[in-house]
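Working notes for the structure below.
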Amino acid sequence: MRDYTGAATFRFQGAGPEQGISFLYSLEPQGIRFTMIPEDNVKDFMVDEIGYNSLVLFMNLQS
């Protein structure tokens, strides 16, 4: 498994209080990479596995 800096769960207005989207993230020289973790893969605030075909978002740093 790739090294990750941490994890974050985003909750959006209009969604229920228990609904959120969890990501592992890694800080890289060019920006930040978020890898979505399916809700079923998070147990007791720990990520059991990443899963196959995970959604990956990458945001570039701008100067």
Side-chain angles (χ1 to χ4, degrees):
M1 182 181 341
R2 177 186 310 175
D3 292 335
Y4 292 92
T5 306
T9 298
F10 296 96
R11 299 189 194 296
F12 298 96
Q13 186 175 9
E18 297 299 319
Q19 294 177 327
I21 301 172
S22 296
F23 295 87
L24 289 174
Y25 66 87
S26 60
L27 299 174
E28 301 181 6
Q30 304 85 6
I32 186 167
R33 179 181 312 278
F34 290 97
T35 303
M36 191 174 106
I37 303 301
E39 185 177 331
D40 293 341
N41 293 5
V42 180
K43 308 261 189 309
D44 297 324
F45 301 103
M46 298 291 292
V47 176
D48 283 344
E49 62 180 318
I50 296 171
Y52 297 102
N53 297 324
S54 295
L55 173 68
V56 176
L57 304 171
F58 188 84
M59 296 179 192
N60 287 325
L61 293 175
Q62 292 184 345
S63 53

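Model, not experiment: these values are computed from the prediction. The figures here come from the full heavy-atom set of this structure, side chains too, leaving out hydrogens, waters and symmetry mates.
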Let me check something: do M46 and Y25 share a hydrophobic cluster, defined by ILVMFWY side-chain heavy atoms less than 4.5 Å apart, either directly or through other members? no
Validation row: Y4, T35 side chains within 4.5 angstrom (heavy atoms): yes
Cut-off 3.5 Å, no hydrogens considered: what does the side-chain donor-acceptor table look like for residues 52-59, sequence neighbours left out?
residue : atom : partner : partner atom : Å
S54     : OG   : I50     : O            : 3.2

Residues passing the side-chain hydrogen bond (donor to acceptor under 3.5 Å, both in side chains) test with T5, sequence neighbours excluded, are none
Working to the nearest 0.5 Å, report the span between CZ of R33 and CG of L24. 12.5 Å
Do the ring planes of F34 and F23 sit parallel (below 30°), tilted (30 to 60°) or perpendicular (above 60°)? perpendicular
Which pair of non-hydrogen atoms, one from D3 and one from S26, has the smallest distance, and what is that distance? O-CB, 3.9 Å
When every non-hydrogen atom of I37 is compared with those of E49, the smallest separation belongs to CG2-O, 4.1 Å
